[in-house]
Amino acid sequence: MAATVALVAVACTTGGGTTSPSTTVTGQTTAEAVPAPAFPDGLDWLNVDRPLSLDDLRGKVVLLDFWTYGCINCIHIIPDLKQLEAEFPEELVVIGVHSAKFANEGDTENIRQVIQRYDISHPVINDAGFDVWDAWGARAWPTVAVVDPAGNVVGIHEGEGVYDVVEPVIADLVARFSATGDLDPTPLPIRLERDRSPSTVLSYPGKVFADPDSDRIFISDTGHHRIIAASDDGLVTAVFGSGVAGFDDGIGLTASFSSPQGLALDGNTLYVADTNNHAVRRVNLDSGAVTTLAGTGVRGWPPVGGTLDEVSLNSPWALELDGTLLHVANAGTHQIWTIDLIGGTAEPSVGSSREGTTNGPLLEAALAQPSGLALGADGMLYFADSESSSIRSAAIGAAGAETALVAGGSSNLFDFGDQDGTGEEARFQHPLGVAYHDGLLFVADTYNSKIKTVDPSTGDTATLYGTDHGWRDGMDPLFYEPGGLSVDGDTLWVADTNNNAVRRLDLTNGVAETLVLSGLDRFVDTSVGDDFHGRAITLPQVAAGAGPASIVLDVVLPDGYKVNADASSSLLLAEEGTVASFPSGSRVDLTGTTFPVTVPIDLHPGVGSVIADLALVWCKDDAEGLCLFEQTRFVVPVNISPTGPSALIHLPLTLKSPAG
């Protein structure tokens with residue numbers, strides 16, 4: 001008798017509306033095994049070196065995750081899947097079945113980018129034609145299905161709350177099939193997409209904020225889980241966050257965020273939408289202290305307001321400051337919340353928490369994953385309602401106020417496209433960013449990889465920049481899923497998410513250029529020990545005599561690439577065991593250098609290690625703005641005698657191009 005689970009829940013439904021992410025569970029058994037449908041041939045597979053079949057998965061518990069990458073509910077279950085994978089590392093295989101809602105989401109390369117952005121390490125199928133979806137009778141995003149090690153269907157669950165429902169089922173299957181010897185611990189042929197590409201200086205930056213009063217910009221370096229502060233010419237002045245996902249208050253690099261997005265500035269206080277921590281964080285730019293303003297670190301449901309030390313938020317994605325009020329796009333509950341910075345409370349201010357397109361009184365309207373906010377000169381709050389692919393408005397605080405459509409689709413959640421026009425004639429595709437300037441709204445039409453303008457008084461919509469996705473500076477720029485916008489005078493700043501870059505557009509002449517960040521290497525964690533976050537290479541021990549010696553750093557770059565001459569690169573030297581000193585200093589400037597580079601050192605009798613931390617910014621010869629970043633620690637064990645031959649310590653490294 002195979003145990004099955006039948007569950008009822010709705011989230012991100014194909015029908016266009018959703019209920020709250022609640023789940024009803026009933027257990028049942030069946031005497032007749034139902035074989036799982038086979039995977040169709042001809043589909044693109046990611047994170048593996050070849051397509052898999054159900055025969056390949058015999059002996060494993062299989063969990064199919066039907067998802068689409070813009071859906072907030074799908075994002076919410078990723079931690080559940082990771083927890084299950086960690087608890088059942090040999091017994092469980094998760095297969096992501098990406099069945100795209102938006103046309104843009106069906107492109108394999110775009111899915112490849114998202115796999116890296118969300119740090120997904122299990123196999124993923126591009127089910128663009130809904131072949132797997134139809135075979136399983138899926139109805140909603142997300143849906144998970146469990147298959148036992150014999151290849152039979154166990155049960156299906158729709159909606160969030162995956163871990164608590166599925167974990168007991170998996171544990172039971174593991175126990176029963178282990179007892180019969182029918183589990184297979186053989187690893188799958190995993191080949192992670194992130195291992196095929198070099199690191200970049202920025203990692204999928206989601207939002208950017210420009211401060212007109214200080215010529216500063218702030219960047220949500222979302223994939224690196226940190227916030228970067230820089231001058232508007234790219235000189236990095238501060239970094240907040242360790243670079244590893246976490247939820248820790250602290251000073252500068254000792255703090256941690258998890259996929260931060262929206263930013264807002266009040267004097268020398270920077271507010272951060274710490275999306276995956278379901279919190280709003282506060283950065284004191286004078287002291288560097290990061291503290292938590294609101295949110296417990298746990299996804300809040302149901303959406304109930306309260307005091308800042310008690311309230312739970314749900315995937316806050318964007319922020320907008322309005323005097324002493326801080327508006328929050330609470331994407332996970334399809335609402336806008338407002339934090340009273342003086343009163344110390346947070347409450348829903350727009351949206352009923354039901355996903356949809358219905359306008360009406362502020363707390364009765366149905367929103368669809370609001371992800372960008374902008375305050376107009378008249379106090380109107382505009383928001384990019386991403387899942388309804390529209391720009392909408394709300395006069396928060398006004399008596400009898402209702403939400404209204406400014407431009408885009410309004411009939412259902414599938415009313416998307418790419419069309420200039422007026423009001424309901426215009427079409428967007430999952431816009432994530434909006435900024436107000438001089439009577440116009442600038443919109444990051446994310447899945448169309450375009451920047452558009454909307455006249456909020458008329459709804460007139462026009463494409464300003466972009467055609468197909470790509471990267472190009474100059475008069476006819478290209479973007480790749482831009483997510484955030486900020487305007488400072490005649491400059492439009494763009495968080496160009498999938499290009500891993502921040503772009504600067506001159507609104508007077510239409511010229512775009514990619515910002516080159518310099519000085520970031522000063523904020524790389526180079527502590528000796530387990531906290532180093534780059535790759536570490538331990539070389540064979542060197543035996544030599546004490547005295548003058550040399551380190552030769554020999555980095556081989558791909559053809560057509562060079563060390564960036566504008567962004568600083570360096571080699572930081574250290575030692576363990578008092579076996580070395582550095583007559584020219586412990587920091588070697590590598591900005592714009594060519595290799596090999598020879599560095600003098602002095603060796604002293606003893607046993608220990610020489611440590612060399614490389615922070616290298618490199619780029620294509622003709623695209624200096626698209627920077628790649630290499631962070632490598634070389635550890636060279638040494639045994640130094642009072643006398644003996646002079647040492648030549650060779651540090652070899654070959655870098656591969658993004659193409660392979």
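These values consider heavy atoms only, across backbone and side chains, with no hydrogens, waters or symmetry-generated copies.
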Closer than 3.5 angstrom, by distance alone: can the side chain of [X] be matched with the main-chain N or O of [Y] as a donor-acceptor pair?
X	Y	answer
Asn314	Gly300	yes
Ser312	Gly295	no
Glu630	Leu655	no
Asp554	Pro652	no
Thr333	Pro303	no
Thr654	Val556	no
Thr446	Pro482	yes
Asp521	Ala615	no
Lys60	Leu188	no
Thr222	Ser220	yes

Might you work through the side-chain contact (heavy atoms from CB on, under 4.5 Å) test for Gln116 and Tyr204, ending with a clear yes or no?
-> CA-CA 9 Å; Gln116 297 176 75; Tyr204 301 104; 3.5 Å; yes

Evaluation steps, salt bridge (charged side-chain N to carboxylate O under 4.0 Å, His left out), between Asp195 and Arg191 = CA-CA 7 Å; Asp195 292 340; Arg191 186 187 177 198; over 6 Å; no

Intermediate values then yes/no, side-chain contact (heavy atoms from CB on, under 4.5 Å), Asn110 and Glu481 | CA-CA 9 Å; Asn110 295 345; Glu481 291 198 8; 4.0 Å; yes

Under the side-chain hydrogen bond (donor to acceptor under 3.5 Å, both in side chains) criterion, do Asp184 and Thr186 qualify, and how do the steps go?
-> CA-CA 6 Å; Asp184 182 0; Thr186 305; 2.6 Å; yes

Side-chain heavy atoms of [X] within contact of [Y], under 4.5 Å:
X	Y	result
Phe634	Ile649	no
His334	Glu387	no
Val61	Pro149	yes
His76	Val162	no
His122	Val93	no
Trp45	Ile95	yes
Leu183	Val174	yes

Test Glu91 against Ile170 for side-chain contact (heavy atoms from CB on, under 4.5 Å), laying out the working first.
-> CA-CA 9 Å; Glu91 304 91 346; Ile170 296 174; over 6 Å; no

If I compare all heavy atoms of [X] with all of [Y], which pair ends up nearest, and what's the gap?
X	Y	result
Val208	Ala495	CG1-N, 3.7 Å
Ser569	Val617	OG-N, 2.8 Å
Ser259	Asn276	OG-ND2, 3.2 Å
Asn73	Pro142	CB-CD, 3.6 Å
Ser99	Phe66	OG-CD2, 4.1 Å
Arg522	Val236	NH2-O, 2.7 Å

Tell me, with the steps shown, if Val144 and Val165 meet side-chain contact (heavy atoms from CB on, under 4.5 Å).
-> CA-CA 11 Å; Val144 299; Val165 173; over 6 Å; no

Answer yes or no: does atom CG of Asp41 have more than 12 heavy-atom neighbours from other residues, nucleotides or ligands under 6.0 Å?
->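 Counting neighbours around CG of Asp41, 12 or fewer heavy atoms of other residues, nucleotides or ligands fall under 6.0 Å, so no.
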
side-chain hydrogen bond (donor to acceptor under 3.5 Å, both in side chains) evaluation trace for Tyr480 with Glu109 | CA-CA 11 Å; Tyr480 194 178; Glu109 181 55 34; 4.6 Å; no

Is the His430 ring parallel, tilted or perpendicular to the Phe102 ring (thresholds 30°, 60°)?
->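 Answer is perpendicular, since the angle exceeds 60°.
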
Salt bridge (charged side-chain N to carboxylate O under 4.0 Å, His left out) evaluation trace for Lys82 with Glu85 | CA-CA 5 Å; Lys82 289 184 177 181; Glu85 290 173 304; over 6 Å; no

The single option from Trp133, Tyr69, Phe130, Tyr118 passing ring pair (Phe, Tyr, Trp, His ring centres under 6.0 Å) against His98 =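 Of the listed options, the one satisfying the test is Tyr69.
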
